[in-house]
There are 2 protein chains.
Amino acid sequence: MWFRIDARSPTPIYQQIVDGIKEAVAKNVLQGGERLPSVRELAGLMTLNHNTVAKAYQELERERVIEVVRGRGTFVAEPGSTPDRAERVAHMKDIMKQLWVEAHHLQMTSQDLMTLMKSAVHEWDQERGREES
Amino acid sequence: MWFRIDARSPTPIYQQIVDGIKEAVAKNVLQGGERLPSVRELAGLMTLNHNTVAKAYQELERERVIEVVRGRGTFVAEPGSTPDRAERVAHMKDIMKQLWVEAHHLQMTSQDLMTLMKSAVHEWDQERGREES
DNA sequence: CTGCGTGTACCATAACAAGCGGTACACTTG
DNA sequence: CAAGTGTACCGCTTGTTATGGTACACGCAG
């Protein structure tokens, strides 16, 4: 599978599914048009309830990451514009602020923070490149 | 006060208090040794329960942001080493990955992401500088 | 010592989210 | 038709959040 589930994590299971699939799509491990397992199938593979998987799929559809067709299945969406782009960018900035605050509590300078970020981003960019179609 | 509480936010009230005080400390609005309102006082000011404020203070003490003296009050801690530094840096990297994933779902390149981060950090650095003692 | 304010520790209660198990329905496809 | 799809319910349990209230041990100024 493209991700792991930690039942003891404080973040909800359905959210871990959402994050895992979004990450797989961002890394090109899952590509546009590709079919995802059915809710019952994925639930069986990970020993979860089908309702939990269904909740994750609904959230992913709301974020335009997947497309759902009744009776056919769910598929990775083709990249397109998202309607609430401004709100989502604003939310990213809020998270960046939390990073900045946390960094200073760990005695890191802003430059330290940017250096850490840059190296991490490079790492993920390379993982993404290896999956290029 | 140094922060606001949004009762309709999905993030818990006690967590908003934690975030708000951590941000105020990071921005030098609150400085080392400074005394914070008592749990009942802060609860009264923001019309909250004293238990909710107490929970926030306990979390802040656990993170070494404040220091608590029974019978005297709570004070902003002087900067010092944190015991679980490695875990907290790892957690920061997890959050950075979420930012990277979200950026690519919003059709942003990694370079776009770093540019946004850089400008945001500069903004907060300037706010921090204005409060310098 | 007394009284007050401090953090802290309980108790009970209500509301909500998460997750599970089960059932059922409308839909598409072979 | 039958099988598989997403979806929508129901009830139930668990844990978290937040409230209200009471009580205790501590430090300090009177």
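Computed from a predicted model, the values in this text were never measured in an experiment. In what follows, chains are A, B, ... by sequence order, proteins preceding strands, each numbered from 1.
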OP1 or OP2 of dA8(D) under 4.0 Å from side-chain N/O of Gln58(A): yes
Flag if over 12 foreign heavy atoms under 6.0 Å of CZ, Arg64(A): no
Atom pair distance, as rounded to whole Å: CZ in Arg8(B) and C1' in dA18(D): 17 Å
Rounded interatomic separation in angstrom, taking CD1 from Ile13(A) and P from dG15(D): 14 Å
Lys55(A) side-chain N/O to dG19(C) phosphate OP1/OP2 under 4.0 Å: no
Given DNA chain C, 5'-ward residue of the pair Val69(A) and Gln15(A), judged by closest heavy atom: Gln15(A)
Closest to the Asn49(B) side chain, choosing from dC20(C), dT17(D), dT19(D): dT19(D)
Phosphate contact (dT17(D) OP1 or OP2) by Tyr14(B) side-chain N/O below 4.0 Å: yes
Check ion pair Glu23(B)-Lys27(B) (N to O, under 4.0 angstrom): yes
Arg72(A) side-chain proximity, nearest of dT28(C), dG21(C), dA18(C): dT28(C)
Closest listed nucleotide, where the reference is the side chain of Arg35(A) and the choices are dA18(C), dT6(C), dT5(D): dT5(D)
Donor-acceptor under 3.5 Å (Thr115(A) side chain, Gln111(A) main chain): yes
Which nucleotide in dT19(D), dT17(D), dC20(C) has an atom nearest any side-chain atom of Thr52(A): dC20(C)
Interatomic distance where CD1 belongs to Ile17(B) and C1' belongs to dT17(D) [whole Å]: 12 Å
Nearest-angstrom distance from the residue atom CD of Glu41(A) to C1' of dA3(D): 14 Å
Rounded distance (Å) that lies between atom C1' of dT7(D) and atom CD of Glu59(A): 16 Å
Pair Asn49(B)-Thr52(B), side chain to side chain donor-acceptor pair (under 3.5 Å): steps then yes or no: CA-CA 5 Å; Asn49(B) 190 274; Thr52(B) 305; 4.8 Å; no
Nucleotide dG21(C), atom P - distance to NE2 of His50(A) in whole Å: 10 Å
Pairwise 5' ranking along DNA chain D for Asn51(B) and Arg40(A), keeping only the more 5' one: Arg40(A)
Sugar-phosphate, base or nothing in reach of Arg70(B), heavy atoms under 4.0 Å: base
Side chain of Val68(B) (C-beta onward), nearest among dG20(D), dG7(C), dG19(C): dG7(C)
Euclidean distance, atom CD of residue Glu67(B) to atom P of dG7(C) [Å, nearest integer]: 14 Å
Residue Ser38(B), side-chain atoms from C-beta onward, closest of dT6(C), dC9(D), dC28(D): dT6(C)
For atom CG of Leu42(A) and atom P of dT7(D), their distance in whole Å: 14 Å
Electrostatic pair Glu102(A)-Lys97(A), nearest N-O below 4.0 angstrom: no
